[in-house]
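In what follows, every chain begins at residue 1, and chains take the letters A, B, ... in the order their sequences are listed. Heavy atoms only: backbone and side chains are in, while hydrogens, waters and symmetry mates are out.
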Number of protein chains: 2
Amino acid sequence: MVEQPHGDQGLQTRDRILATAARLFSENGYEHTPLSQVAREAQVSKALVLWHFDSKEALFRAALGRTLEPYHLDVEDLEGLDERAQIELLMDRFYEFVRGNVYSVRFLFGLLIRAEPKRDDVIGKVSDLYDLFRSVLADIIERGRARGLFRADANPRLDASLILVSLGGILIEQLMRDRDQSAELMDHLKQTVFRRLIV
Amino acid sequence: MVEQPHGDQGLQTRDRILATAARLFSENGYEHTPLSQVAREAQVSKALVLWHFDSKEALFRAALGRTLEPYHLDVEDLEGLDERAQIELLMDRFYEFVRGNVYSVRFLFGLLIRAEPKRDDVIGKVSDLYDLFRSVLADIIERGRARGLFRADANPRLDASLILVSLGGILIEQLMRDRDQSAELMDHLKQTVFRRLIV
DNA sequence: GTCTATATACAGATAGAC
DNA sequence: GTCTATCTGTATATAGAC
């Protein structure tokens, strides 16, 4: 896509369109968000939306970038904690992130699970994040084992994966069902994890 | 919807339309399945589809019923097995069912996770199945504990829930990612579960 | 019951004035 | 940059012949 030169007014408007699109795509999905709605809620005409972004698909990609911005894994503040506390912190962070980004998580999930258009774009990004999370967890488990804090028969790769899929399962339980027992389940998962890991 | 009287030919055709719709909705979702495609692949006209089913939505509901037919939980053959084997059998059955019904699972999942039309219809059915599965698991754990096979500190309700969400997590991992490590993870989950439960 | 032909609505996208 | 007006395609649904 070619970036036209914009004045201040243009940037402002373009940004408002983008923010509106990101919100609507997150809330209602690509299919259920007509350009007319984006235009209306951004208080511009359809034609202007398509002037800034060449097509609905281009708009989607741009909005996706914005939606994914808060998705990253911050590991800097893990230092100084023992391995158990590190794992616990990561699990809590995952949980809180999901709770704080329900709309976009639901949206991305829909993209990944369905045959929605252009899921290939996002699948790489989310996959990378997932793999990063897992490898960070596995490294922590490995270190804990080397230090003698965790059991010798801990399996860093599989234990990390199991923690992740369990977190994922709690997340979808939370996304799909009314009655939210996720806090209780999180506690129980932690107990189970550490009972398995800790010597 | 009013059921018109049909002759043999009508029933046959109606059934073919229904089967085609169920397959296409499962494969591509409601939004990506125009009536024209249903009609073409069922080798009838669009008008006939709408003669048998009053609207696309009515067709969807009818097809959904058919899609959900294989979704049930058979617990009769659990008798005679000890509690560990019962749990293992249920986990395997869940796993195999998902692998054998990828399309419809993916479809239902999409319905549940997204704001697709009429998800309320299906959510009850799937929710019931989920609750049934969990209560069956919880009962087995409770019995195993009473028998002294499982640890006294086993928590039937939470342990059952954790098994279920972990299974669910493995399932989505399997649905979303290319590299399929689900068999390995299933094994590891079982080990972890029984290490936690067994005395 | 099944068809062809058509009505109606709305989507994404373009043309051209300002 | 931003608009109004319009094009074009395709969707669901209906009318009416057979």
Side-chain angles (χ1 to χ4, degrees), chain A residues 1-25 27-64 110-111 114-118 121, chain B residues 1-25 27-64 114-118 121:
Chain A
M1 189 189 61
V2 182
E3 285 290 329
Q4 282 89 354
H6 300 97
D8 278 326
Q9 193 60 33
L11 265 180
Q12 220 172 281
T13 304
R14 182 192 155 97
D15 216 53
R16 198 171 66 248
I17 294 170
L18 199 53
T20 305
R23 176 173 60 79
L24 290 175
F25 286 146
E27 286 177 12
N28 308 320
Y30 182 84
E31 310 291 333
H32 292 93
T33 307
L35 286 179
S36 56
Q37 190 185 4
V38 176
R40 193 182 336 116
E41 301 201 15
Q43 293 175 296
V44 294
S45 65
K46 264 196 307 181
L48 187 61
V49 174
L50 287 168
W51 184 88
H52 280 290
F53 308 91
D54 293 342
S55 67
K56 187 185 181 184
E57 185 179 318
L59 175 62
F60 171 75
R61 289 178 192 282
L64 187 62
L111 270 188
R114 305 268 330 276
E116 275 233 37
K118 320 309 160 206
D121 283 28
Chain B
M1 189 190 63
V2 182
E3 285 289 330
Q4 283 88 354
H6 299 96
D8 276 325
Q9 193 60 34
L11 265 181
Q12 218 171 283
T13 305
R14 184 193 155 95
D15 215 53
R16 198 171 65 247
I17 293 170
L18 199 55
T20 306
R23 176 173 59 80
L24 291 175
F25 286 145
E27 287 176 10
N28 309 321
Y30 181 84
E31 310 291 334
H32 291 92
T33 307
L35 286 179
S36 56
Q37 191 185 4
V38 176
R40 193 180 339 113
E41 302 202 15
Q43 293 176 295
V44 294
S45 66
K46 269 195 303 181
L48 187 60
V49 174
L50 288 168
W51 185 87
H52 280 290
F53 308 90
D54 292 344
S55 67
K56 186 185 181 183
E57 186 180 317
L59 174 63
F60 171 75
R61 291 178 190 283
L64 188 62
R114 306 264 334 272
E116 275 233 38
K118 320 311 160 206
D121 283 27

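Closest approach of L18(B) to L59(B), counting heavy atoms only: CD1-CD1, 4.3 Å. The two residues S55(A) and L50(A) have their closest heavy-atom pair at CA-CD2, 3.7 Å. When every heavy atom of S45(B) is checked against every heavy atom of A39(B), the shortest pair comes out as C-CB, 3.6 Å. Pairing each heavy atom of F25(A) with each of Y30(A), the nearest pair is CD2-CA, 3.8 Å.
Between dG1(C), dG1(D), dA13(D), one nucleotide has an atom nearer to the side chain of W51(A) than all others, and that is dG1(D). Side chain of A47(A), nearest nucleotide from dA15(C), dC3(C), dT2(C): dA15(C). With dA13(C), dT2(D), dT2(C) as the candidates, the nucleotide lying closest to the side chain of K46(A) is dA13(C). Counting only heavy atoms from C-beta on, L50(B) has its side chain closest to dT14(D) among dT14(D), dT2(C), dC3(D).
The shortest distance between side-chain heavy atoms of T20(A) and R23(A) falls below 4.5 Å. V44(B) places none of its side-chain heavy atoms less than 4.5 Å from the side chain of H52(B).
Within residues 16-25 of chain A, no residue is approached by DNA chain C to less than 4.0 Å at the level of any non-hydrogen atom. Scanning residues 33-43 of chain A for heavy-atom distances under 4.0 Å to DNA chain D yields an empty list.
Between the CD atom of Q12(B) and the P atom of dT2(C) there is a distance of 9 Å, rounded to whole Å. What separates CG of D54(A) from P of dA13(C) is a distance of 10 Å, to the nearest Å. Counting to the nearest Å, the P atom of dA11(D) and the NZ atom of K56(B) are 9 Å from each other. Straight-line distance from the CD atom of E57(A) to the P atom of dA11(C): 18 Å, rounded to whole Å. When the C1' atom of dT14(D) is taken as reference, atom CZ of F53(B) falls 18 Å away, rounded to whole Å. Rounding to whole angstrom units, CZ of residue F60(A) and C1' of dG12(C) are separated by 16 Å. Straight-line distance from the CG atom of L48(A) to the C1' atom of dT14(C): 14 Å, rounded to whole Å.
How far CZ of R16(A) is from CZ of R14(A): 13.5 Å, rounded to the nearest 0.5 Å.
Bending across the helix from dG1(C)-dC18(D) to dC18(C)-dG1(D), expressed as the angle between its end axes from five pairs apiece, amounts to 10° (10° rounding).
Within the 3.5 Å criterion, the main-chain N or O of T33(A) finds a donor-acceptor partner in the side chain of K56(A).
Side-chain N/O atoms of H32(A) and Q37(A) include no donor and acceptor closer than 3.5 Å.
Listed pair T13(A) / dT2(D) meets the phosphate criterion, a side-chain N or O lying under 4.0 Å from OP1 or OP2.
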